[in-house]
Amino acid sequence: MYMRHFFRLFSAMAGPRPVVLSGPSGAGKSTLLKNLLKEYEGVFGFSVSHTTRSPRPGEENGKDYHYVTREYMQASIDKGEFIESAVFSGNMYGTSKASVQAVKDKNLICILDIDMQGVRAVKTTDLNPIYISIQPPSMNILEKRLRDRNTESEESLQKRLDAAQVDMEISKEPGIFDIVVVNDNLDDAYGKLKDALIEEIKKVQKNNLS
Ligand SMILES: Nc1nc2c(ncn2[C@@H]2O[C@H](COP(=O)(O)OP(=O)(O)O)[C@@H](O)[C@H]2O)c(=O)[nH]1
Ligand SMILES: Nc1ncnc2c1ncn2[C@@H]1O[C@H](COP(=O)(O)OP(=O)(O)O)[C@@H](O)[C@H]1O
């Protein structure tokens, strides 16, 4: 009884559990998380990563990513400012401590969109997120969606497809993810994602109302 009370108090102090969305490039992570941020404003907050890749048309510095140089990013990593960082498709990506803290300070559920290297690194921290894998229905559909997105050069597209193959294999290993959502029909996938998060969503809504 006493222990249960203690744990409840402890988890309330720690705030809501973060959510990690991972999965191959083109699986639909950004699309799904943008829907969540829109439908549940005041519940979710996005952990804005740093990257050395160039912004795509429509992307905003400080909103989608913090776009930085390699020199700046490496110096910040060396100073210990990052929870994790990785090289993906020739560019550096990383989650700064400040990005996650900014979301936690607002008492929101922090969403991290990170690759498999990031997932492994986060598992060694005390972040304790819910791990969700977003997977495409097939390699062919993934390739079509990535091509239709029209954001990548042929070289970048091939690198993403190679990484996707590895990602899809690793994601089958039991124990890495709490939930796997196959993004075939978007509305169905979004429904499954919401179902997986509804407990945490309700907790935050209740806390932020009281
Ligand atoms: N480890 C890690 N991966 C990240 C981070 N930010 C983004 N990524 C991953 O980097 C990969 C490439 O992201 P991006 O260039 O936006 O391309 P997209 O996935 O094709 O939209 C994706 O798998 C992201 O999940 C980060 O801070 N850390
Ligand atoms: N269920 C779906 N059906 C068809 N197209 C989709 C679906 N989900 C996402 N897309 C499209 O596929 C592309 C890749 O999705 P995106 O969210 O950018 O993936 P990720 O963030 O995982 O790289 C985008 O152009 C997006 O509009």
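Just so you know, residue 1 is the first one in the sequence shown, and it goes up from there. Every number for a ligand or one of its atoms is a count from 1 in the order of the listing.
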> Among protein heavy atoms, which lies nearest atom 8 (N) of ligand 2, and at what distance?
Replying inline: Asn183 ND2, 3.0 Å
> Counting each atom of ligand 1 from 1 as listed, which ones have a heavy atom of Ala86 under 4.0 Å away?
Replying inline: 1 (N)
> Quick one: does ligand 1 sit under 4.0 Å from the side chain of Glu152, the backbone, both or neither, non-hydrogen atoms only?
Replying inline: neither
> If you measure every N/O of Ser49 against every N/O of ligand 1, is any gap under 3.5 Å?
Replying inline: yes
>> Pair Val103, Phe44 - check side chain to side chain contact (heavy atoms under 4.5 Å, CB included), show working.
In response: CA-CA 8 Å; Val103 179; Phe44 290 100; over 6 Å; no
> Within 45° of the ring axis of Tyr40 and under 6.0 Å from its six-membered ring centre, is that where the NZ or CZ of Lys194 lies?
Replying inline: no
> When you look for heavy atoms under 4.0 Å from ligand 1, do you find them on the side chain of Met116, its backbone, both, or neither?
Replying inline: neither
>> Please check whether Thr95 reaches ligand 1 - meaning an N/O of the residue sits under 3.5 Å from an N/O of the ligand, judged on distance alone.
In response: yes
> What is the minimum heavy-atom distance between Val122 and Glu84, and which atoms define it?
Replying inline: CG2-CG, 4.1 Å
> Can you tell me if Glu169 and Gln165 form a side-chain donor-acceptor pair at under 3.5 Å?
Replying inline: no
> Which protein non-hydrogen atom lies closest to atom 19 (O) of ligand 2, naming both residue and atom, and how far is it?
Replying inline: Gly28 N, 3.0 Å
>> Quick test: of every protein heavy atom, which one is nearest to atom 11 (C) of ligand 2, and how far off is it to 0.1 Å?
In response: Arg145 CD, 4.4 Å
>> At under 4.0 Å between heavy atoms, is it the side chain or the backbone of Asp184 that contacts ligand 2, or both, or neither?
In response: backbone
> Numbering the atoms of ligand 1 from 1, which are under 4.0 Å from a heavy atom of Asp113?
Replying inline: 4 (C), 5 (C), 6 (N), 7 (C), 8 (N), 24 (C), 25 (O)
>> Counting non-hydrogen protein atoms only, what is the nearest one to atom 14 (C) of ligand 2? Give residue, atom name and distance.
In response: Gly26 O, 3.6 Å
>> Strictly distance-based, threshold 3.5 Å: is any side-chain N or O of Gln117 a donor or acceptor partner for the main-chain N or O of Val87?
In response: yes
> What protein heavy atom is closest to atom 3 (N) of ligand 1, reported as residue, atom name and distance in Å?
Replying inline: Asp115 N, 3.1 Å
> Is it the case that more than 12 heavy atoms not belonging to Lys123 sit under 6.0 Å from its NZ atom?
Replying inline: yes
> Nearest heavy-atom pair of Leu146 and Gly26: which atoms, and what distance?
Replying inline: CD2-CA, 3.8 Å
> If every non-hydrogen atom of Asp64 is compared with every non-hydrogen atom of Phe46, which pair is closest and at what distance?
Replying inline: O-CE2, 3.6 Å
> Does ligand 1 have a heavy atom under 4.0 Å from the side chain of Arg160, from its backbone, from both, or from neither?
Replying inline: side chain
> Which residue holds the protein heavy atom closest to atom 20 (O) of ligand 1, what is that atom called, and what is the gap in Å?
Replying inline: Ser25 OG, 2.4 Å
>> Within ligand 1, which atoms have a heavy atom of Lys29 less than 4.0 Å away?
In response: 19 (O), 25 (O)
> Just which atoms of ligand 1 are under 4.0 Å from any heavy atom in Arg53?
Replying inline: 14 (P), 15 (O), 16 (O)
> What protein heavy atom is closest to atom 28 (N) of ligand 1, reported as residue, atom name and distance in Å?
Replying inline: Glu84 OE2, 2.7 Å
> When you measure from atom 21 (O) of ligand 2 to every protein heavy atom, which one gives the shortest distance, and what is it?
Replying inline: Ser30 OG, 2.6 Å
> Which residue owns the protein heavy atom closest to atom 18 (O) of ligand 2, what's the atom, and how far is it?
Replying inline: Arg149 NH1, 2.8 Å
>> Looking at non-hydrogen atoms alone, which of Thr31, Leu146, Leu33 comes nearest to atom 17 (O) of ligand 2?
In response: Thr31
> With hydrophobic residues grouped by side-chain heavy-atom distances under 4.5 Å, do Tyr131 and Ile198 end up in a single group?
Replying inline: no
> Which ligand 2 atoms, with their elements, are less than 4.0 angstrom from a heavy-atom of Lys29?
Replying inline: 17 (O), 19 (O), 20 (P), 21 (O), 22 (O), 23 (O)
>> Within ligand 1, which atoms have a heavy atom of Gly94 less than 4.0 Å away?
In response: 26 (C), 27 (O), 28 (N)
> Does atom CD of Glu173 have more than 12 heavy-atom neighbours, drawn from other residues, nucleotides or ligands, at distances under 6.0 Å?
Replying inline: yes
>> Please give me the minimum heavy-atom distance between Asn107 and Gly15, naming the atom from each residue.
In response: OD1-CA, 4.3 Å
> Leu186 heavy atoms, cut-off 4.0 Å: which ligand 2 atoms fall inside?
Replying inline: 1 (N), 8 (N)
> Is Arg149 in polar range of ligand 1, meaning some N or O pair under 3.5 Å apart?
Replying inline: yes
> Which ligand 1 atoms does Gly118 reach within 4.0 Å, using its non-hydrogen atoms?
Replying inline: 1 (N)
>> I need the contact type for Glu59 against ligand 1. Using non-hydrogen atoms and a strict under-4.0 Å cut-off, is it side chain, backbone, both or neither?
In response: neither
>> Parallel, tilted or perpendicular, judged at 30° and 60°: which one describes the rings of Tyr93 and Phe88?
In response: perpendicular
> Would Glu199 and Lys203 pass as an ion pair if we require N to O under 4.0 Å?
Replying inline: no
> Taking all non-hydrogen atoms of both residues, which atom of Gly45 and which atom of Leu108 are closest, and how far apart?
Replying inline: N-CB, 3.9 Å
> Could you give the distance from CD1 (Ile83) to CD1 (Ile77), rounded to the nearest 0.5 Å?
Replying inline: 12.5 Å
>> Considering non-hydrogen atoms of the protein only, which is the closest contact for atom 13 (O) of ligand 1, and what is the distance?
In response: Tyr65 OH, 3.3 Å
>> Can you tell me which portion of Gln117 lies within the under-4.0 Å heavy-atom range of ligand 1? Options are side chain, backbone, both, or neither.
In response: neither
> What atoms of ligand 2 come within less than 4.0 Å of a heavy atom belonging to Pro24?
Replying inline: 22 (O)
> Which atoms form the tightest heavy-atom contact between Ser25 and Leu142, and what is the distance?
Replying inline: O-CD1, 3.3 Å
> Which atoms of ligand 1 have any heavy atom of Phe88 under 4.0 Å away?
Replying inline: 11 (C), 12 (C)
>> Pair Ser153, Ser156 - check side-chain hydrogen bond (donor to acceptor under 3.5 Å, both in side chains), show working.
In response: CA-CA 5 Å; Ser153 65; Ser156 162; 4.6 Å; no
>> Using a 4.0 Å cutoff against the non-hydrogen atoms of Ser25, which atoms of ligand 2 qualify?
In response: 23 (O)
> Within a radius of less than 6.0 Å around CD of Glu154, do more than 12 heavy atoms belonging to other residues, nucleotides or ligands occur?
Replying inline: yes
